[in-house]
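A short worksheet on the structure shown next.
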Amino acid sequence: MTSAVLPLPGFLQKLYLRFAPRHRVGQDPLAGTAQARFKPVPIHNLKLPTPVARQLLARRHIAPLTLEEGKRLTVLVPFRGREAHLAQLRPALESHLQAQGIDYKLLVIEQQGTGTFNKARLLNAGMLHSAADSDYYCIHDVDNIPVNADYRCPSQPLRLVTKLLSTHRQETEYLDHYFSGAVTLRKEHAFAANGLSNHYWGWGKEDDDFFFRLLMQGFCCHADQEGTYHDLANPQAQHFSKATKKRTSPQLEANRHRRNSLLRLQLDPAKDGLNSLTYSILARETEGRFEKILVDIGSQGR
Ligand code: UDP
Ligand code: MN
């Protein structure tokens, strides 16, 4: 999409997008037109360079969200060291999926070793591993337990989480561009975006990057306004308080920088994602519709 953003020669446009202040554009034209339950995720508050935001708003696929039955779902759970969470998620999720008559598989993708976690690479590995027998995916955090969720196949990428109940922190209601927790999307949409970026290590921003990749393809990401989940507390050793997230770490700064570069159209998703991941499966266990793979996804710097 880079070429058509501004009526400027390529190098001037690059320069402009690099230094342009990020603007808020006016109200999202889709904000008022949506159905009550499934609303487009607003993007007017994304703080993009104005020409980028305008073009994204203009090219978004506009049609009411529909949900299809009879498609094959693979739920992808990125995982390491959260056995207690998985033990809670699995029965709750499977009973939800069975009650809704979904033809599902549950795929847990476990990162091998003790190196820095890379959620995006695990999800990419899961998408590739299950592509042949999936029509759509659900990207699912292990610590989000469904309370009210519709897992049918959405016509456009759909965030299932809006209300996040919790016993350990204040209840959250996501009204902004958050696009994580549990997200369903068609396989062809995931592949059109080339999956997720492989270069986000540790906590944060890979989900913003993926959201933006989908927007760049012209998809209209939606959110289920009634979607409700229960958030489990992270294990103490992996605990991120809000304050910790905000405190600058080199890791998080690097992720933020990469995300901002993508928002300024300086990175090409076609060069980094599903088509550039190398991974290997070290162990595999299956039990009915459940499968767990232990994967080597490489380590930071490679
Ligand atoms: N995760 C994991 N082990 C880790 C870190 C992350 O299994 O050490 C997975 C897990 O599925 C988790 C998701 O990545 O739900 C998101 O990470 P985290 O819960 O730390 O982020 P939060 O959602 O709490 O900000
Ligand atoms: Mn969590």
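None of the values given here were measured: they were computed from a predicted structure. Atoms within a ligand are numbered from 1 in the order they appear, just like the ligands themselves.
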Option of least heavy-atom distance to atom 5 (C) of ligand 1 (set: R80, R82, K119):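 The residue whose heavy atom sits nearest atom 5 (C) of ligand 1 is R82.
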Can a salt bridge be assigned to the pair [X] and [Y] using a cut-off of 4.0 Å between side-chain N and carboxylate O?
X    : Y    : result
K105 : E291 : no
R259 : D207 : no
D272 : R213 : yes

Sub-2.8 Å protein N, O or S atoms surrounding the Mn ion (ligand 2):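 Short answer, with waters excluded from the count: D143 OD2, N234 OD1.
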Parallel, tilted or perpendicular, as decided by the 30° and 60° cut-offs, for the rings of Y151 and Y229: perpendicular
K187 (side chain) donor-acceptor with A131 (main chain) under 3.5 angstrom: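 Yes; judged by distance alone, with no hydrogens or angles, the pair exists.
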N275 backbone acceptor or donor facing N194 side chain under 3.5 Å: yes
Below 4.0 angstrom from a heavy atom of [X], which ligand 1 atoms are there? Numbered from 1 as shown, please.
X    : answer
D143 : 15 (O), 19 (O)
W203 : 21 (O), 22 (P), 25 (O)
P78  : 7 (O), 9 (C), 10 (C), 11 (O)

Contact partition for N234 relative to ligand 1, non-hydrogen atoms under 4.0 Å: side chain
For [X], salt bridge (charged side-chain N to carboxylate O under 4.0 Å, His left out) partners two or more places apart:
X    : result
E226 : R37
R159 : none
D150 : R152

Any N/O pair V77/ligand 1 closer than 3.5 Å: no
